[in-house]
Amino acid sequence: MRSRLYPVFKYTVIALWACFVAGPFLWAMTTSFKNANAVQGGATYVPWVQYEPTLTGWRNIFGGAGGVDVIDPFINSAVVTIAASAISLALGSLAAYALSRYRFRLGFIKNSDIVFFFVSQRIMPPVVLVIPFFYLLQWGGLLDTVPGLVIVTVALLLPIAVWVMVDFFNGIPREIDEMAMLDGCPPFQTFVRAILPNSLPGLTVAAMFCAVFGWNDFFFAFRLTFTEVQTLPQAVVALNSSIPPWWTLSAAALFGVAPLILLALWVERLLSKGNLSGAVR
């Protein structure tokens, strides 16, 4: 009896969780194609049956009447995320390789303590860091600029890159380094030519985490920019007024999450092909 009930219970839980996760997206999708009358008319979910679909919400997010232009915020978010992720991956991979292959000690501080120091930067509440960041950017003339946001985002993403890549480098046999050095490669060339080609799975995972956290950042962008620069999360939140236009807000939210969905599909495609199997030959 227990063996028969377990699959039923398991798939019931999975189905409920799938509904819980997909529900908000389905609601936003249907609402983005409604107008004010359809939204205020009650629970309507089936297009052409319960309501007449319209592109009003999607027109509004591209500068239509009563909406907001999301193109410039989208570009700002893309530039900040791509630049910060690339810099974080480059610096984080170098730091992680050093922490994986060499032993550092300063008194009682050793490699594991340094790694924990990097990870602890993500433990601190953002409100603790925003005031120092504010004064540093103000001193450097980078307040309310894209380069200033890139610098702050790198500081937030670098611990993630180091944390992911240290564990991955620890799993790569040291014999690969030794063979490269026997062939005459100095340490940096060993890292570039022998280790990085075998690190595609770790780099992909680290890049995905960096992209997600960088793209979704709202707090620091909200506190460190004013009028010159606006990211996509700020543009979406700006639509949430006392009487929010739900059709426009839903379209903007879907537009904002679309790049992350495409990124997840791309990573899943690599997984299905076995390109991220993690095997080291």
Original post:
Taking the hydrophobic residues Ile, Leu, Val, Met, Phe, Trp and Tyr, and joining any pair whose side-chain heavy atoms are under 4.5 Å apart, which ones share a cluster with V127?
Top reply: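 Cluster partners of V127: M124, V128, L129, V130, I131, F133, F134, Y135, L137, L142, L143, I151, V152, L156, F219, F220, L224, F226.
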Is a side-chain N or O of [X] found less than 3.5 angstrom from the main chain of [Y], in a donor-acceptor match?
X: D144; Y: E228; result: yes
X: S32; Y: M29; result: yes
X: S88; Y: S85; result: no
X: Q234; Y: T231; result: yes
X: D167; Y: V164; result: no
X: T145; Y: G148; result: yes
X: D217; Y: T153; result: no
X: T30; Y: W27; result: yes
X: R122; Y: L157; result: no

Original post:
Which of parallel (below 30°), tilted (30 to 60°) and perpendicular (above 60°) describes F191 and Y97?
Top reply: tilted
Original post:
Taking the six-membered ring for Trp, are F62 and F255 parallel (under 30°), tilted (30 to 60°) or perpendicular (over 60°)?
Top reply: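 If you compare the ring of F62 with that of F255, the planes turn out perpendicular.
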Give a yes or no on whether [X] atom [atom1] has more than 12 heavy-atom contacts from other residues, nucleotides or ligands under 6.0 Å away.
X: R101; atom1: CZ; result: yes
X: F117; atom1: CZ; result: no
X: M179; atom1: CE; result: no

If two hydrophobic side chains count as joined below 4.5 Å and joins carry through other members, does [X] share a cluster with [Y]?
X: M208; Y: W266; result: yes
X: L254; Y: L26; result: no
X: F74; Y: V79; result: yes
X: L196; Y: I172; result: yes
X: I82; Y: I71; result: no

Subject >> Close side-chain approach of L203 to S93, heavy-atom, < 4.5 Å >> reply: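 L203 vs S93: side chains touch.
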Original post:
Is the closest side-chain heavy-atom distance between W58 and F33 below 4.5 Å?
Top reply: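 Yes - at least one pair of side-chain heavy atoms lies under 4.5 Å apart.
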Residue pair [X] / [Y], side-chain donor-acceptor N/O under 3.5 Å:
X: D177; Y: T190; result: no
X: T225; Y: Q230; result: no
X: S77; Y: W215; result: no

Original post:
Could you go step by step and tell me if T248 and R59 meet the side-chain contact (heavy atoms from CB on, under 4.5 Å) rule?
Top reply: CA-CA 8 Å; T248 304; R59 293 193 191 99; over 6 Å; no
